[in-house]
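These numbers come from a predicted model, not from an experiment.
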Amino acid sequence: MGRVDLNLSSNDNIFGRVVVDGSDSALPDTQFFPDGSGRHVTTAAKGSYTFALLAWTRILSPSLLNTARIGYTRNNNYQCACLPGTTGGFGIENLDIWLNRDKLPPIPSQFSIIPGVPFGGTLGIPGVSLPGGHNGPGASVTGGSLNDPLRLIDNTFTYDDSIQLSKGSHSVVIGGDIRRYQENAIQGIWASGSISWNTIQNFLTAGTCGSGCSGFPGINVITTTGVSSPPDIYRGYRQTYGSWYVQDDFRMKSNLTLNFGIRWEKLTGPMEVNGKAATFKDVVKDEDWTQLGDKPLFDSPSGLLKGFTPRFGFAYSLDEKTSIRGGVGFFQEMPLQYAWSLTPFYPPYSDRVNVRNATKWPNPLVGLDPRSPAILSTRQPIPVDPNLKYPYAIQYNLGVERQIAENWVTKVSFLGTRGVSLLMIDNPIQPMPILDANGVRFVPRNAPSINPKLDSTRFYTNIGDSRYGALQLRLERRFSNGLQFSGSYTWGINVGVGALGLDGGQTPRGSGGFQVGDAWSYKTYDKGRVQQDVRQNFNFNYNYELPVGIGKKFGSNMSGVADAILGGWQINGVISARTGLPVDITGGGYSPTSFCRTCAIRPNLKPGASNSPVLGDPSLYFDPSGFEVVPAGYFGNLGRNTLEGPKQVNMDFSFFKSFSFGESKRLQFRSEIFNVLNHPNFTAPASTVFNTDGTQSPTVGRITSTTNKSRQIQFGLKFEF
């Protein structure tokens, strides 16, 4: 890290900073090999981060200040699960899958999925999954990551300028910024393929168990982005962002200040610099991709109010001890990399397919034409809506603050957020449900997709919404007589379809956006508590200088030696507690791939049973007996995210001791104890109730890890002079 401060004159200052950081890791992973040789694959990951900033601040007049900044950020990360001696083949122009192929072990060919990609090659290890809980919590026999190889190089260039003007009762800020985003990526997701066996017998007999199988012989599902040859998975995307803003803090009266602001912003659609981009103009009707060439994946959205987002706030002093503050604002979220990072899988470069009920073994894909009807009908594209909108939120708050004693302040606030046009993953060609004799919706087995040329799709589009409201109470004792503390309590509710805060939405049911379960009734089936919904949250912090020592309440006349031992101590602490995050109970008891393809099936809730049957024991956190298997083709009647996850409680404590040397020197000893009670905070339990064969999952309700560490104690010395 380097930093420079340069005063060119009394009115001009230049500030610069450069930060360069790097890391690498290697994780040995024992693989499943038929010869029992115990060969190893190492997942190697490397990363580097560079940040540079140059800022120029100029005082133009006593009331006018200008600040200009130019910056550059670079992230360079890659990983690969490779056999020792291989490099992973991270060539930018052409991913060299044949690199070091002579070093590959003689693994039987049936473990190869894509022709030309050996098992254990530099594209990664195929994933193999088995039904009935045989895989354990990891759900994979082989340890090869479906994400390998992965390389992401992100370059961001920024320039911004702001002017601050103070004139009478107005304090005005005017500014704008321009950002250029560059992403060069190799994404090997599904590049080596994965196999899902319908029975353990099929796996052990290489798909030839015949009539002895419970089900049909062969492979349940093969998922891959290459059929007859390895996929081309390198892309280079570019986007440009621009904005300007104006804000005025207007002191209208001595006890009333108003804040007015407006911001305009726009983002170009991502363009692939090599012309390797395509989309579905209409995923419901189109039979194939439309190649885009030098056109962006989606048009630049016009945004809310043609790109304008207003804000307003006020602060009003009712009297010397009471103030009222409030505001409302509109905020847009730009559809950056998270919105389209999984979109490069389309022909002729690659094509994500889901081949079901494959009976040919070994080499199940050899000889198949990737453009044949048998393959085209298995496609599962991941496009982004060409008419994408900016997700946005309306945020509002109102609070009253009151001084109730000389050093005591209390505050009551109400705040809320309304999320609109949130990004979600939809399957608009999901087979259409019909009504059974009892008027209940279900999907007949092997019902066709709405678009018969496609199997299903993960379609990124703006169909989500969310609502958050909270009441917040705060009590604070300002520092006096050596004591200060503050505590806050929040009661809130956050519900909707989707969730605001979309980073992570690129994965189904991710931390932000998530995949729709029932595309035909998502506003009811997928509505529920959002992932960030914390109903109650309490925080308390304090610090207290013990009143012992020379000049203190106790021991003011003690000797210097006694003061050095007993005086100058300070204790500090932080206490936090909150209710658990919601957990979605899944596992309806059948595989939905022949009914609604990629949808999530939740179990049925038995009459009179609780939808959040918390027991609290880590070995069985909730009672699964209140749920039952869903008949094939039906959606479970259990709501989304009904289970209350484990609560989180933590207490940190520290104590300091200061030694003074003259008037300008001080030595401080400090001891900090994290999780002082050594209290375990548990992660969410395994929430899949039934396996796809209808049997209860052996891991249901089990918690296998914690979110925090055990008690940690550290000591330190600090010398001030």
Side-chain angles (χ1 to χ4, degrees), residues 156 158 160-162 172-179 181 239-250 257-270 298-315 325-340 384-385 387-399 413-424 460-472 490 492-506 510-514 530-534:
T156 302
T158 62
D160 67 87
D161 199 299
S162 65
V172 181
V173 178
I174 303 173
D177 68 299
I178 299 174
R179 306 174 197 175
Y181 299 101
Q239 281 183 288
T240 302
Y241 167 86
S243 72
W244 60 263
Y245 57 89
V246 179
Q247 179 165 320
D248 181 14
D249 294 338
F250 173 36
T257 300
L258 302 179
N259 313 103
F260 301 94
I262 191 166
R263 185 182 186 91
W264 178 90
E265 54 190 342
K266 195 174 184 64
L267 177 72
T268 63
F298 52 84
D299 294 329
S300 180
S302 59
L304 174 68
L305 302 176
K306 297 187 180 299
F308 291 94
T309 50
R311 293 97 189 259
F312 168 75
F314 72 92
R325 294 180 176 87
V328 60
F330 292 77
F331 302 88
Q332 297 182 130
E333 183 160 2
M334 298 292 103
L336 293 167
Q337 174 187 342
Y338 71 87
W340 41 264
V384 61
D385 191 339
N387 300 309
L388 202 67
K389 304 174 184 177
Y390 291 152
Y392 71 92
I394 307 170
Q395 297 182 4
Y396 46 90
N397 67 85
L398 179 65
S413 303
F414 173 77
L415 55 151
T417 300
R418 172 84 166 90
V420 184
S421 297
L422 306 183
L423 197 66
M424 295 179 63
Y460 289 75
T461 187
N462 305 94
I463 60 174
D465 71 88
S466 67
R467 290 174 173 84
Y468 171 72
L471 177 66
Q472 190 173 76
T490 302
I493 183 171
N494 200 344
V495 297
V497 179
L500 195 66
L502 302 173
D503 192 16
Q506 67 268 24
S511 60
F514 69 95
V530 305
Q531 295 299 111
Q532 304 96 324
D533 184 27
V534 175

List the atom of S421, the atom of N462, and the distance in Å for their closest heavy-atom pair.
O-ND2, 2.9 Å
Is any side-chain heavy atom of F330 less than 4.5 Å from a side-chain heavy atom of F308?
no
From L336 CG over to L267 CG, what is the distance, rounded to the nearest 0.5 angstrom?
5.5 Å
How many angstroms lie between atom OG of S243 and atom CZ of R263, to the nearest 0.5 angstrom?
4.0 Å
Separation of T309 OG1 from W264 CH2 (nearest 0.5 Å):
11.0 Å
Minimal heavy-atom distance between V384 and L388, with the atoms involved, is CG2-CD2, 4.0 Å
Just how far is it from atom OG1 of T257 to atom CZ of R325, taken to the nearest 0.5 Å?
9.0 Å
How long is the straight-line distance from OH of Y181 back to CD of Q337, given to the nearest 0.5 Å?
11.0 Å
Under 3.5 Å donor-acceptor, Q239 side chain and T268 backbone
yes
Quick one: are Y396 and L415 in side-chain contact, heavy atoms under 4.5 Å?
no
With a 4.5 Å cut-off on side-chain heavy atoms, are P391 and F331 touching?
no
Report yes if the side chains of F298 and P270 come closer than 4.5 Å at any heavy-atom pair, otherwise no.
yes
For the pair Y241 (side chain) and D177 (backbone), establish whether a donor and an acceptor sit closer than 3.5 Å, ignoring hydrogens and angles.
no
Can you sort out the partners of F250 under ring-ring contact (aromatic ring centres under 6.0 Å, His included), two or more places apart, ordered by chain and number?
H170
Restricting to ring-ring contact (aromatic ring centres under 6.0 Å, His included), what partner residues turn up for F260, sequence neighbours left out?
F312
Going through the distances and angles, do T490 and Q472 end up as a side-chain hydrogen bond (donor to acceptor under 3.5 Å, both in side chains)?
CA-CA 4 Å; T490 302; Q472 190 173 76; 3.2 Å; yes
Please check if the number of heavy atoms outside I178 that lie under 6.0 Å from its CD1 is greater than 12.
no
V420 versus D465: any side-chain heavy-atom pair under 4.5 Å?
no
Give me the atom names and distance for the closest heavy-atom approach of N494 to S466.
OD1-CB, 4.4 Å
So which atom in Y392 and which in L422 form the shortest heavy-atom distance, rounded to 0.1 Å?
O-CD2, 4.4 Å
CZ on R467 to CD1 on I493, rounded to 0.5 Å:
11.5 Å
Smallest separation among heavy atoms of Y245 and G176, with atom names:
CE2-N, 3.6 Å
Is D248 salt-bridged to R311, going by a charged N under 4.0 Å from an acidic O?
no
In terms of heavy-atom contacts, P310 and L305 come closest through CD-CD1, 4.0 Å
Find out whether M334 and Y390 are in side-chain contact, i.e. whether some heavy atom of one side chain is under 4.5 Å from a heavy atom of the other.
yes
Any side-chain heavy atom of F414 within less than 4.5 Å of one from N397?
no
Sorted by chain and number, sequence neighbours left out, side chain to side chain donor-acceptor pair (under 3.5 Å) with T240 holds for R180
